[in-house]
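Below: the structure, in structure tokens.
Predicted, not measured: the structure shown is a model, and the values here were computed from it.
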Amino acid sequence: MFARKFKRHGVEHLSTYLKVYKRGDIVDIKGTCLSEGMPYKYYHGKTGRVFNVTKHAVGVVVNNGSGIGL
């Protein structure tokens, strides 16, 4: 699940960390091989909506897979 693709190992690009997120943006949750701040494996590949943006984190409400919503 957290394995990197062939020839894609190494340091993550800075553009990954420098993206600007705004409230209401739709995001995909993807855990990388970094050990700091990784989401729990259940949320890997889920889609959600940003509800809070701070200096160090982004709050995401995850969509429910059954179509009912949260």
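Residues passing the side-chain contact (heavy atoms from CB on, under 4.5 Å) test with K41, sequence neighbours excluded: M1, F2. Scored by the side-chain contact (heavy atoms from CB on, under 4.5 Å) test, Y21 finds K19, D25, V27, V58 as partners (sequence neighbours excluded). For the side-chain contact (heavy atoms from CB on, under 4.5 Å) test, residues two or more places apart in sequence or in another chain that qualify with L18 are L14. Residues passing the side-chain contact (heavy atoms from CB on, under 4.5 Å) test with V53 are V50, sequence neighbours excluded.
R23 places no side-chain N or O within 3.5 Å of a backbone atom of N52 that could act as its donor or acceptor partner.
For the atom pair M38 CE and H44 NE2, the distance stands at 9.0 Å (nearest 0.5 Å). In this structure, CG in N63 is found 10.0 Å from NZ in K46, a value given to the nearest 0.5 Å.
For H13, the NE2 atom is loosely surrounded, since the number of other residues' heavy atoms within 6.0 Å does not exceed 12.
Within the 4.5 Å cutoff, the side chain of T47 has no heavy atoms near those of the I29 side chain.
Hydrophobic clustering of Ile, Leu, Val, Met, Phe, Trp and Tyr side chains at less than 4.5 Å, counting indirect connections, unites Y40 with V62.
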